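First the structure, in the form of structure tokens, and then the observations on it.
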Amino acid sequence: MKKILITNDDGISADGLIRLAEAAKDFGEVWVVAPDGQRSAMSHSITLRHAVEAWECDFPVSGVHAYACDGTPADCVRIGVLNIVPGKPDHVFSGINYGYNTATDLQYSATAGAAFEAAFQGIHTIAFSEEACECHEVTDRYLKEIMAELLPKTLGINQIWNVNFPGCILSECRGILRDRTVSTEVFYRDRYNETVVAPGRISYMVEGIRNYEDSDGTDLKAIFDNYVSVGVASNIS
């Protein structure tokens with residue numbers, strides 16, 4: 001039986017991780033190594049100056065081997081692949097992230113960072129994300145179908161499959177668009193609001209202004225148009 005390692009950046013108690021583990025059981029033996037808390041926007045960072053700890057924990061999906069870790073999502077993949085999963089996993093799933101991982105946001109995403117770490121370890125990997133909302137109709141409809149489609153497909157060196165589900169209701173979803181390129185645009189146009197907190201000392205708080213436009217063929221355009229976006233993302237070679 002194939003072994004599937006699952007991680008995320010929203011923490012081991014995140015709903016998206018639990019749903020992903022439940023779906024993955026149809027495709028192999030599932031192992032979870034995930035952060036013990038929120039680790040979003042940590043990109044591909046790993047821990048070098050001190051040890052990381054992992055411990056077996058209860059998990060709400062039966063039959064899943066689950067470990068929490070106090071490191072980064074990429075740390076979780078490293079110890080999962082190199083130490084925890086016997087004989088190494090055949091596949092790694094990262095997600096389901098609460099919020100899209102498209103366009104330039106991939107540079108910041110710890111969901112993508114964990115997936116790229118798995119790719120660096122030579123493991124076939126899929127990253128899954130959905131809009132940060134409570135509507136999961138499209139994800140629930142297409143998740144297993146996309147798993148079945150992508151698991152047999154090969155990837156190049158340091159490549160991952162990147163899947164994003166729109167947050168619309170199922171009747172408004174227009175289907176799946178494959179071969180989407182990673183947009184060079186942004187999902188949020190950031191700016192920083194300034195607050196003077198003391199003489200000569202200023203606090204800067206980021207505020208994102210949502211973008212609604214992009215070019216045809218990109219991951220961002222697909223989700224703007226209520227399609228599931230499927231494509232390959234690449235890191236350094």
Side-chain angles (χ1 to χ4, degrees), residues 7-20 33-50 52-53 68-78 94-117 127-136 138-139 160 162-169 180-215 218-226 229 231 233 235-236:
T7 194
N8 73 345
D9 66 4
D10 294 318
I12 195 162
S13 299
D15 173 72
L17 178 78
I18 294 167
R19 289 162 44 227
L20 185 59
V33 183
D36 60 352
Q38 178 59 248
R39 302 286 196 279
S40 292
M42 296 194 75
S43 189
H44 197 152
S45 61
I46 61 172
T47 303
L48 296 177
R49 300 292 182 260
H50 59 82
V52 296
E53 294 184 10
C69 174
D70 65 0
T72 70
D75 287 331
C76 293
V77 170
R78 289 168 67 85
S94 186
I96 302 168
N97 190 65
Y98 187 69
Y100 294 133
N101 278 308
T102 58
T104 55
D105 285 348
L106 284 179
Q107 301 300 316
Y108 307 107
S109 165
T111 302
F116 282 124
E117 177 57 41
F128 297 95
S129 304
E130 61 188 359
E131 186 167 6
C133 67
E134 302 310 314
C135 180
H136 306 305
V138 177
T139 306
I160 64 170
N162 190 38
V163 180
N164 284 271
F165 299 96
C168 59
I169 60 175
R180 298 301 93 182
T181 60
V182 178
S183 173
T184 57
E185 258 290 354
V186 294
F187 187 68
Y188 285 104
R189 304 187 191 281
D190 290 340
R191 64 185 181 188
Y192 283 85
N193 298 315
E194 299 183 6
T195 303
V196 177
V197 294
R201 191 180 183 97
I202 298 174
S203 168
Y204 298 90
M205 183 64 195
V206 68
E207 178 186 14
I209 310 301
R210 182 165 174 171
N211 175 30
Y212 290 93
E213 298 181 357
D214 200 7
S215 304
T218 66
D219 51 6
L220 208 51
K221 176 66 170 173
I223 59 171
F224 286 163
D225 292 342
N226 285 347
S229 172
N235 210 319
I236 60 173

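Here the structure is a predicted model, which means the values were calculated and not measured. Side chains included, hydrogens not; waters and symmetry mates left out as well; all remaining heavy atoms used.
Considering CD of E117 and CD1 of I160, their distance stands at 12.0 Å, rounded to 0.5 Å. To the nearest 0.5 Å, atom OG of residue S94 and atom CG of residue L17 are 9.0 Å apart. Between the CD atom in E130 and the CG atom in D15 there is a gap of 7.5 Å [rounded to 0.5 Å]. The OG atom of S43 sits 9.5 Å away from the CZ atom of F116 when rounded to the nearest 0.5 Å.
The side-chain heavy atoms of N8 and Y98, taken from C-beta on, include no pair separated by under 4.5 Å. With contacts defined as side-chain heavy-atom distances shorter than 4.5 Å, the pair R78/V52 does not qualify. The shortest side-chain heavy-atom distance between P35 and T7 falls under the 4.5 Å cut-off. By the 4.5 Å heavy-atom criterion applied to side chains, I209 and R191 are counted as neighbours. Contact annotation: the side chain of I96 never approaches that of H136 to less than 4.5 Å [non-hydrogen atoms, C-beta and beyond]. For the pair Y100 and P166, the minimum side-chain heavy-atom distance is below 4.5 Å.
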Considering only distance and modelled atom types, tabulate donor-acceptor pairs under 3.5 Å from the side chains of residues 103-110, sequence neighbours left out.
from : atom 1 : to   : atom 2 : distance (Å)
T104 : OG1    : E185 : O      : 3.1
S109 : OG     : N101 : OD1    : 2.8
S109 : OG     : N101 : ND2    : 3.4
S109 : OG     : T111 : N      : 3.1
S109 : OG     : A112 : N      : 2.9

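R39 places a side-chain N or O within donor-acceptor distance of the main-chain N or O of G71, the cut-off being under 3.5 Å. Of the possible donor and acceptor atoms, none in the side chain of R49 sits under 3.5 Å from a partner among the backbone N and O of T47. Using modelled atom types, no side-chain atom of S183 and backbone atom of L220 make a donor-acceptor pair closer than 3.5 Å. Without hydrogens or angle criteria, D70 side chain to E53 main chain gives a donor-acceptor distance under 3.5 Å.
Taking all atoms of both residues into account, the shortest heavy-atom contact from V138 to C168 is CG2-O, 3.4 Å. Residues P73 and D9 share a closest heavy-atom pair of CG-CB, 3.7 Å. Taking each heavy atom of I46 and A74 in turn, the nearest pair found is CG2-CB, 3.7 Å. The shortest non-hydrogen separation linking T218 to K221 is OG1-N, 3.1 Å. When every heavy atom of S129 is checked against every heavy atom of G99, the shortest pair comes out as CB-O, 3.4 Å.
Between Y204 and Y192, the two ring planes are perpendicular [angle over 60°; tilted spans 30° to 60°].
Not a single side-chain hydrogen bond (donor to acceptor under 3.5 Å, both in side chains) links S229 to another residue, sequence neighbours left out. Among residues two or more places apart in sequence or in another chain, the side-chain hydrogen bond (donor to acceptor under 3.5 Å, both in side chains) test is passed with S40 by D10, Q38.
At a cut-off of 3.5 Å, with distance as the only test, no side-chain donor of N164 or T102 sits close to an acceptor on the other residue.
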